[in-house]
Amino acid sequence: MKTCRTIATLICFIAVCSTCAADVGVAARDTRPSLVVLGIASTGKSKEWREGLAGFGIENWVAQALYDCGKYRLMEQRPDVLATYQPKLADTYDLAAMERKKDLQPLCEALKADVIVVGKVVATWPERSRAFVGIISNDTRDTVIKVDVCLYDMRTGKSLKASGTGKAGHSSHAFVADRPGGLAFDPETVGIATNKAVEDAVSKLVPEYRPRDRSTDAPLSLSPVSAGVLPLAMTSDVALMYPELKTKRVQLGIHNRIVKEIGETPQCTLQEVNPDVLATLETQWWVAANGAPPASDVTKHAADLRAKADWLVYGEVFTFSAAQVESMSGLSGKLANKITIGVQLRAVNVNSPSQAMVMASGTGTSMGDWNAWKGQDIDFEQTFVGESAQKAIKSAWRSLACEIAAAQKRTK
């Protein structure tokens with residue numbers, strides 16, 4: 001296994017350089033319609049829903065599902081354009097209403113998108129059942145989510161809407177006299193149920209879509225590539241609910257794990273970028289917590305690389321939760337924290353005028369004491385939170401490498 005050179009100080013750009021793309025000069029033109037996911041609204045008002053939802057990046061799940069359809073070219077949002085339309089979207093998140101007001105055509109043109117998508121979490125409810133065996137209780141606690149996803153196609157001038165429902169939960173056993181309390185809504189089940197609801201809705205909008213099990217992705221078949229690591233971004237929801245993550249220790253720990261993962265890939269070599277540029281980007285993308293930047297901003301940093309690159313890879317931490325999970329110790333029920341982290345990596349071919357991206361998401365979980373972790377000042381990778389990040393990054397990078405390999409084949 002090849003280790004990364006001086007990981008603690010090497011803050012590089014993920015830049016993936018396809019040798020086969022270099023042979024043809026410019027990537028083959030992708031004629032699929034371009035698509036932008038604008039945002040997701042929620043009708044959830046309860047404290048349990050707000051706290052459970054934060055950090056689950058529903059917008060990212062919608063984008064990933066539509067990307068996995070293989071029917072569209074996913075494009076990044078443009079904040080400068082959306083600022084003009086956001087008030088109208090926030091009021092309804094109903095593209096049919098905006099269509100009647102003839103607001104959608106100029107929005108699509110400004111975004112250079114053929115298709116735009118919005119959504120809304122329209123209903124949430126808990127389901128709970130309990131059975132007893134003597135003095136031991138068996139609780140089943142489920143979260144049920146209903147999501148609407150609405151798609152407008154500028155080429156036809158029509159919008160389509162579909163609803164999806166997802167359910168997730170877990171069972172626990174406890175001694176009746178010593179059972180800690182807990183919420184029926186918890187961050188772990190909310191995230192899983194919402195992802196299932198999104199997949200259900202997208203399968204109705206695009207009948208050929210099938211939810212993808214990324215754990216079955218084939219082994220890497222990359223042509224030799226040159227790679228580096230751009231500091232990841234963090235979404236505002238994650239930062240709002242878990243401000244403990246907005247530290248250099250966490251940012252650098254996650255960054256170093258991506259560097260190491262790519263560095264250990266046989267087909268990849270790492271490229272460095274101007275450290276001053278990277279230090280600035282860390283502040284803008286992680287600490288500012290504005291989420292992943294537009295692809296146009298990413299491609300500007302190609303000039304900062306020490307070698308020419310055709311692909312630039314970036315991304316964000318879009319999911320984070322610290323859910324309480326019960327475990328048995330003798331006849332007593334005890335609580336521990338189950339950490340879930342979601343990472344979405346994206347790559348843009350700088351030779352493509354459309355700046356369409358490929359993407360892959362990964363999640364990781366581990367168990368530990370969240371309150372104790374917040375006060376620790378130790379190596380991030382040695383903590384249970386770092387373990388969750390390692391699992392998420394490994395899964396996301398493996399899938400992204402497969403997407404880049406597929407893009408390499410299309411250019412031959």
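A salt bridge (charged side-chain N to carboxylate O under 4.0 Å, His left out) check over residues 291-300, counting only residues at least two apart or in different chains, returns the pairs Asp297-Lys300. Residue pairs meeting the salt bridge (charged side-chain N to carboxylate O under 4.0 Å, His left out) criterion with at least one member in residues 387-396, sequence neighbours excluded: Glu261-Lys394, Glu387-Lys391.
In this structure, Tyr314 has its ring center at least 6.0 angstrom away from the ring center of Trp285.
Under 3.5 Å, the side chains of Trp61 and Thr319 contain no donor-acceptor pair of N or O atoms.
Checked against salt bridge (Lys or Arg N to Asp or Glu O under 4.0 Å), Lys204 has the following partners two or more places apart in sequence or in another chain: Asp200. Here Ser236 pairs with nothing under the side chain to side chain contact (heavy atoms under 4.5 Å, CB included) rule; sequence neighbours left out. Every residue two or more places apart in sequence or in another chain was checked for a salt bridge (Lys or Arg N to Asp or Glu O under 4.0 Å) with Asp369, and none qualifies. Shown here are the side chain to side chain contact (heavy atoms under 4.5 Å, CB included) partners of Ser163, two or more places apart in sequence or in another chain: Lys146, Asp148.
We find the OG1-CZ distance between Thr363 and Phe318 to be 7.5 Å, quoted to the nearest 0.5 Å. Between atom CH2 of residue Trp397 and atom CD1 of residue Ile258 there is a gap of 10.0 Å, rounded to the nearest 0.5 Å. Atom-to-atom distance recorded for Ser361:OG and Arg346:CZ is 8.0 Å, nearest 0.5 angstrom. In this structure, the separation between CD1 on Ile393 and CD1 on Ile341 is 8.0 Å, given to the nearest 0.5 Å. Here CG of Asp68 is found 8.5 Å from CD of Glu199. Values are rounded to the nearest 0.5 Å. To the nearest 0.5 angstrom, Asp114 atom CG is 6.5 Å from Arg73 atom CZ.
Applying side-chain contact (heavy atoms from CB on, under 4.5 Å) to Tyr67 and the options Val62, Leu35, Val37, Leu74 leaves one that passes, Leu74.
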In sequence, state the C-alpha distance, the side-chain angles, and the governing distance for Ser388 and Ser366, and then conclude on side chain to side chain donor-acceptor pair (under 3.5 Å).
CA-CA 5 Å; Ser388 298; Ser366 62; 2.6 Å; yes
Audit row: Val317, Ile254, side chain to side chain contact (heavy atoms under 4.5 Å, CB included) steps and yes/no
CA-CA 9 Å; Val317 173; Ile254 291 177; 4.0 Å; yes
Determine, stepwise, if the pair Val198 / Ile58 fulfils side chain to side chain contact (heavy atoms under 4.5 Å, CB included).
CA-CA 8 Å; Val198 167; Ile58 303 177; 4.0 Å; yes
Side chain to side chain contact (heavy atoms under 4.5 Å, CB included) between Leu111 and Ile116, worked out:
CA-CA 9 Å; Leu111 290 170; Ile116 55 177; 4.1 Å; yes
Residues Glu316, Thr235; criterion side chain to side chain donor-acceptor pair (under 3.5 Å); working and verdict:
CA-CA 7 Å; Glu316 63 187 354; Thr235 62; 5.8 Å; no
Would you check, one step at a time, whether the test side chain to side chain contact (heavy atoms under 4.5 Å, CB included) holds for Val250 with Tyr242?
CA-CA 12 Å; Val250 176; Tyr242 301 97; over 6 Å; no
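In terms of heavy-atom proximity, Cys150 sits nearest to Ser159 at SG-CB, 4.4 Å. Residues Ala113 and Ser34 come closest through the heavy atom pair CA-OG, 3.3 Å.
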